[in-house]
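Single-structure report; data block below.
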Amino acid sequence: MSNGDSLELKLGDITIDAASRRSAWRVKPAVAASWLGLWSFLWLAHSLTSYGSLQRQGKAADLATLLSDYLWYYVPWFLFSLALFAFLDSRRDRLIQPARIVTAYAVSATCFLVPYLLYVALRTLHLAGKRPAGLQSLLDAYPPVFWFIDLVLFTGCFGAVLALAAVRATLAAERRQREAERENLTLKVDLERQRMATLMAQFEPHFLFNALNAISGLVRGNETGRAVEGISQLGQLLRHVLQVGRAERSSLGDELDFVSRYLALQQMRHGDRLEIVTDGMSADLQDIACPPLILQPLVENALRHGIETHGQSDHISISVTVSNADAVIRISNTRLAGKPSNPGLGLGLANIRDRLRLAYGGAAGLETGEEAGRFMVTLRIPVEPGAGSPLGT
Amino acid sequence: MIRCLIVDDEAAARTNLRQALRPHAHWQVQAECHDADSARAALDRLDVDAVFLDIQMPGRSGIALAADMARMDAPPVIIFVTAHSGHALSAFDVHALDYLLKPFDDARLAQTLERATDLIRLKRPQAYAFALRGFVGDAVRASSPHAALSHFTVRSVGMIESIAVAEVRWIVASGNYAELHLADRKVLHRATLRALEQHLDSTEFMRVHRSVIVRKSLMRALSVEGDGVYLLHLRDGATLPVSERHAADVRTHLAQRAVVG
C-alpha cells in the first residue's frame, strides 16, 4: 500500500467517524475546564507581560484593552486544542502510529492554522482601518515571522495535546487490562464455585447415608461378601467424584461405569424392585470425552421420580449409540399411569443444559419425552476425534 | 416382650434393622411394611407397642403416618429412622421423641431401645399422644417461620410430663440437658439450648448467655460486676449471668421497655 493510499483511507476514516460516532467526541466538563484554565493562564500571562513591558517603555497602556485584544487571539487556540484533544481522545486505541499522527497534524494545520492565520491577518488589517487587497497586503499586516511563530506555537500545542491524549490512552488501556484481568478472575472463581456446587449437588448426601445403612444390614446379616462389594462400589464412586472434581473432562466410558456402580448400590438398597438394563456399552466409549458427572443426575432423577415416588417396581434402561458425529445416551424409567410426571425434574435438567452449553456451545442436546409408558431422557453429545479420557484410567 | 413394626421403603434398611434387633430378644418384629399405607393397615390389624418409622418414603411420608398415629387414643411409641439431619432432629429433641440416624451403630440402637422401653413401661399413652401431636403440629408448621412451641414434653426414667411453655421462666443449659426453671421447681429436659431456641417464640424469650435463655418480661435490670462480667436481675430477685456478646441486646431491650412502659 502506497503512502498516498493510506493517507486517503485515513482521511476517509476521519470523516466517517466524525459523522457517525459523535458520541465518541464528547468532552468531559473537567477536561474542558482544564483546557480553559491553561489557555486563560497563557492569555493572562501574555497580557500582563505586554502590559508590563509597555509600561517599562513608558508607553500608555490599558490592561482592559490589552486583555480584550488578546482574547481574540486566544479563543481560537482554546477551541482548537479542545477539539483536537476530543478527537485524539476518541481514537485513543489507534493513537500511537506515526502515519496517523502525521495525517492528524496535516489535517489540523489545514483546518485550523491556515484559517487562523488568515483570520489574524484580516483582523490586524481591520484594526488598522485598512481593507484587504491581495496576499501582499495580508503579508504586510502580519509578516511571515509571525506566521512562523504561530506555526511553532501550533506545533507545540499539537504536541502537548497529543502527549496528554497519549497519557490518557495509556492509563485507560492499563485500567481496561486490570478490569479484564479482574473480570477473568471473577469468571474463574464463578466457574470453580459452580463446579463445586455441581459436585455437591451430584451426590445427594442422603444417598451415601442410605447406602451405608444398607451395607450395615449386610454386615449384621453376616453377608460379608456382599457387604465388601458394597463398600468397594461406594469407594469407587467416591474416588471418581474426587478425581473428576479436578478435571474438565471425563470419558463416556468412565461416566457409564460410575452410573453402573451407583445403580448397583441402589439395587442393593431396593433389591428386586429395581431392574436395570444396559445396551450398547463397549470399550470404545472410553475414548469419547464428556463433561464429568453428566449422566449421574439423569439416573438419580429417574430413580427419584420412579421408584422413590411410586414405590412400585421400576425398570431403568440405559442405552448408548455412537455414530461418527455424536454419541446418544437414552435413559428411561417406568412411568406409573396417573402419577404426576417427574415433578421437579426441570431444575436438574436446566443445570445439565447449562453445563452442556458451557462445554459444547449448541452442539450438544438434552431432550425429554414419553414413549410407551416410559419417561425418557435423551442426551446427545458430539464425538471429538482423538479426545481420550483425561483421567487415563 | 415388646412388639414392634418396621416401616421403611428400602428392603435393605428393613433387613438392617431386623438384624440389628436380633440381639435384643424381647423386641419382637410383628411385621415389616414398605410404605405408610400398609403400615396403617398393619396397625389396625396388629397390637404393637413400638414402630420404627422411616420418614422419607414413596407416597405418604413417615410424618404423615405419625400424624395419623397422634390421633389414636393409645398410639404405639414411634422411633423415627432417617438419613436426614437438620431441623427435624431438633424437633425430635424438643418433643422428647426417639430417633435413629442412618447408619446407626449397636450402642446407639441399644440406648434408643432402652429409652423407648422406659416409655412403653410407663403406660402413659395420653401423655405420649400429646407429645406426638406437638411434634406433628411443629412439623406441619415448619414452613412458617413463627412456629413457636406451646408445650414441652419432658421424659426421664419413670416419668413423662407435659409442661406449658408459659410456665417456663428461664432455661439453663447443663450438658446434654436443659434445666427448665418454673415458678416452684426445675425440670431436666433432654434437648440442647440451641434446639430449644429454634422452637421458642423470640418475642417472649431471649438468649442472654451461651447457656441461658430467659423470659423477657421477667428482666428487670443489668449490672456490671467487673471486666466483661454482667448480671441480669429478674423481677423475682433471681440473678443470671449475661455474656458480653449479649449485654448490648439486653440493654437495648431494657431501654425499649422503659420507653414503652
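Convention: sequence-line order gives letters A, B, ...; per-chain numbering from 1.
Legend: side chain to side chain donor-acceptor pair (under 3.5 Å) pairs involving residues 123-137 of chain B, not counting sequence neighbours: none detected.
Proximity to chain A among residues 20-46 of chain B is limited to B:A20, judged by heavy-atom separations below 4.5 angstrom. Interface with chain A: from residues 101-111 of chain B, residues B:K102, B:P103, B:F104, B:D105, B:D106 qualify, criterion being any non-hydrogen pair under 4.5 Å.
Between B:E10 and the options A:R273, A:Q266, A:R269, a side chain to side chain donor-acceptor pair (under 3.5 Å) holds for only A:R269.
Shown here is A:R380, whose CZ atom has no more than 12 heavy atoms of other residues, nucleotides or ligands within 6.0 Å.
A search for side-chain contact (heavy atoms from CB on, under 4.5 Å) contacts involving B:S174 returns B:E179, not counting sequence neighbours.
Between chain B and the options A:I215, A:N222, A:L212, the largest number of non-hydrogen pairs under 4.5 Å is found for A:L212. Here B:N16 is the residue among B:N16, B:D9, B:T15 with the most heavy-atom pairs under 4.5 Å with chain A. Of the listed residues (B:A11, B:A13, B:A83), the one with the most heavy-atom contacts under 4.5 Å to chain A is B:A83. No other option in A:G271, A:A211, A:S216 has as many heavy-atom pairs under 4.5 Å with chain B as A:S216.
With values rounded to the nearest 0.5 angstrom, A:N213 atom CG is found 9.5 Å from B:L100 atom CG.
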